[in-house]
Visitor: 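One structure is given below, represented as structure tokens, and several questions about it will come after.
The chains referred to below are lettered A, B, ... by the order of the sequence lines, with proteins before strands, and numbering in each begins at 1. The structure displayed is predicted, hence computed values, not measured ones.
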Amino acid sequence: MDDLLEICLTEADSGKRLLERHLRDSGLGSDEYAAILIFPTDDAELLSAAYNHLNEFVTSSRYEALMCVASININEERIRDAAGVPTYFHSVTDEDMAKILRFGTFATPLNLKMFSLDLWTLENSRKLLGYKNVTMEMLVYYSILGLHGEFLRNNQA
Amino acid sequence: MASFSVIIRRRFKANLDSVVKEEKRVNIDNNLKTYETRYVGETLRFYRNFINKISSLKADGVLENKTIVVTGYWGKLSDIKEILEGMNININWIADNNTKKQGKTRCGVPVRSLESLVDIGRGRLVILVVTPTYGKELSAQLAYLGFEKNVHFFVFDAFGEENPTEADFLIGADIWAKAKDNARAGYAVYCEIAAKYPRMTIWLMHQPSIGDLHIFSLFLPSAMKVSSVRDCDCVIVVTKNSVKRYAEALGYRNIEIASLETATCLCQLLKLAGDKLTMKNAVFHGATYFFEPLLWQSDLNFADSFTKFVFGFEDVPAPIYFDLPKRKDAVRKLFLENHLIPGKTVFISPYAGMFRTEITKEQWGHLVDSLIEKGYTVCTNCAGEKEAPLPNTSAPFVELRDCVEFAEMAGYFIGIRSGLCDAISEAKCHKFVIYDTGCLYTPPSFFGFADMNIGSDIVELVNDGFNADELIAEMLECF
């Protein structure tokens, strides 16, 4: 059973090193106030909500740069336009993405956002969709990005 | 006596133009106060660091004649307020980015947006950014608004790092090492429990909350496809003896007790390896912050956090209520020993665990005296030596397994929203539940019984800290 723990810790360590390497490759060090966006899930509705609120996410926290790491196809042009700050993209394999998710879910750095409803700590989050007033936009805006504004209230019919 | 309506909810609006600040004095020894806290380790270190830095600012005259604003630490504001008041520093405003909190009060202090601080005038205020996690974000926002760090605002974060190294960019090296150590410690405990109860689901209840346990247990049998808690083949891990006793009363057969520190390590383990364990999180918090914003921003309520987020029901089942032990004789004995009148006793619960309430001792005293004048006997629910009985009341020791029986025999219950209110929500008696802005989770829309469709004969009231007198008068009209 000890193997299970060490496997997970090793995976998380690998995920951390992968991200740090990508940050260095992007020229982002400790002086830059950058956000890291992780895209592991090919969910059109989720991605659309992410693109919709990216600008507010970047501007409200005054991020100076953005690094996107994806194991799926993402709309780089849309992200770049929304971000409005220098944005860097890195493609990873599913295997490397698993390591990054292991690190991200374990360490939860504030400037790292994972666009997924399928992490093991959120295993029933999809059951919230469509229940009462919960929408994908709401889950992305409040739960994943941690925004507080009135955007959704102002835009609901 | 007026008849009780099914649910009444009132909101007493604060008049921000006529804020009355109550000055409190706390003795300070050498500008450092030994602060009692239920949390050890990092929280205590954080508070000591905060006290030291505030003392320096005060000694340098930085805070003199300034409007004091606090931002960042909503959850611990009552502690921060007490620390500052002990140093003769009163908080004038709380600043928060959450638009749902703006215009309201917390612990009697009005809340406004960070942007509106510009209207006060940069030279006239000092902003204390008190946060273990959001220091960088809030600093950036304040700088954008034209405030200067260490002139107009001062940051008190977890480790006070001014210049993180490149190695600390993603996560501080010491935080990373600590997280891994915690996961290892949690894993050792998990292995012991898993070995003791092979092939059983282990439910982790990492905070000592009766309310969490109660609502979780209403739906656990449905999740495990059995008809009662007693039939559930699982283990529940709790973090306090009182919660363990309540779990026993509810019918759990396998209960393990862990310290808060161990529970934190188990939460860390869930974050690392939750997809590979037979352990699950029994609540929406501890292993993720995903659900927490929805508490304020959505129509989801406390029961939904279990039925949808924890258990993942497609169709939400009806709660399965418990068959608590019937100990009428033991409860009757309590009434006799404490000179309480069955059917005409008001059972008051003025304490709510770690939360501070904004009803003063004098106001509680007025309520008690008025009830006695009307011919009622009154008793206080107290747990531990720090919870003194209200004056002119008795304090019978009511075990949690007897709380329903006791409340029914009394006839009336008045309490600050707490787990005890969940435990007696179905008791056949008249109940008043007060939501207090001194408590972290106040919205009745989340914790309210009406919204959860749980409980019966409950009057729900909101206390904002300014109109408690009116709230008490309204309750007394019902007696």
Visitor: Under the rule for side-chain hydrogen bond (donor to acceptor under 3.5 Å, both in side chains), what residues qualify as partners of T278(B), not counting sequence neighbours?
Guide: Y190(B)
Visitor: Verify whether one side chain among Y141(A) and Q297(B) offers a donor that lies under 3.5 Å from an acceptor in the other.
Guide: no
Visitor: Please list, in residue-number order, every residue in residues 112-132 of chain A that has a heavy atom less than 4.5 Å from any heavy atom of chain B; write 'none' if there are none.
Guide: L117(A), W120(A), T121(A), L122(A), E123(A), N124(A), S125(A), K127(A), L128(A), Y131(A), K132(A)
Visitor: Quick check on N98(B) against chain A: is it the side chain, the backbone, both or neither that has a heavy atom closer than 4.5 Å?
Guide: both
Visitor: Name the region of V310(B), side chain, backbone, both or neither, that has any atom closer than 4.5 Å to a heavy atom of chain A.
Guide: backbone
Visitor: Under 4.5 Å, heavy atom to heavy atom: which of residues 70-78 of chain A reach chain B? Give them by number, or say none.
Guide: none
Visitor: I need the residue from L277(B), D96(B), N97(B) with the largest number of non-hydrogen atom pairs under 4.5 Å to chain A.
Guide: N97(B)
Visitor: Measure the acute angle between the ring planes of F284(B) and F446(B), then classify it against the limits of 30° and 60° as parallel, tilted or perpendicular.
Guide: perpendicular
Visitor: So for L270(B), is it side chain, backbone, both, or neither that comes closer than 4.5 Å to the heavy atoms of chain A?
Guide: backbone
Visitor: Between F219(B) and F306(B), is the ring centroid distance below 6.0 Å?
Guide: no
Visitor: Within the 3.5 Å criterion, strictly below it, is a donor on W176(B) or D13(A) matched to an acceptor on the partner's side chain?
Guide: yes
Visitor: For K280(B), is it the side chain, the backbone, both or neither that has a heavy atom under 4.5 Å from a heavy atom of chain A?
Guide: side chain
Visitor: Return all side-chain donor-acceptor pairs below 3.5 angstrom for residues 87-95 of chain A, not counting sequence neighbours, or 'none' if the list is empty.
Guide:
residue : atom : partner : partner atom : Å
T87(A)  : OG1  : V85(A)  : O            : 2.8
H90(A)  : ND1  : H22(A)  : ND1          : 3.3
H90(A)  : NE2  : H22(A)  : O            : 3.4
H90(A)  : NE2  : S26(A)  : OG           : 2.7
T93(A)  : OG1  : D96(A)  : N            : 3.1

Visitor: Are F153(B) and F147(B) an aromatic pair, judged by ring center distance below 6.0 Å?
Guide: no
Visitor: May I ask you to decide if A82(A)'s main-chain N or O and N55(A)'s side chain share a donor-acceptor pair within less than 3.5 Å?
Guide: yes
Visitor: For D81(A), is the CG atom crowded, meaning more than 12 foreign heavy atoms sit under 6.0 Å from it?
Guide: yes
Visitor: With a 4.5 angstrom heavy-atom cut-off, is it the side chain or the backbone of D304(B) that approaches chain A, or both, or neither?
Guide: side chain
Visitor: Has the side chain of T262(B) got a donor or acceptor atom that lies under 3.5 Å from a matching backbone atom of A258(B)?
Guide: no
Visitor: Examine distances only and state if a side-chain atom of S61(A) and a backbone atom of V58(A) form a donor-acceptor pair shorter than 3.5 Å.
Guide: no
Visitor: Is it the side chain or the backbone of T105(A) that comes within 4.5 Å of chain B heavy atoms, both, or neither?
Guide: both
Visitor: Is the backbone N or O of A303(B) less than 3.5 Å from a side-chain atom of T307(B), with the two atoms forming a donor-acceptor pair by type?
Guide: yes
Visitor: Looking only at heavy atoms and a cut-off of under 4.5 Å, which of F291(B), F311(B), F309(B) has the most pairs with chain A?
Guide: F309(B)
Visitor: By a 4.5 Å heavy-atom criterion (distance strictly below it), what part of L269(B) contacts chain A: side chain, backbone, both, or neither?
Guide: side chain
Visitor: Name the member of A183(B), A287(B), A179(B) that forms the most heavy-atom pairs with chain A at distances under 4.5 Å.
Guide: A179(B)
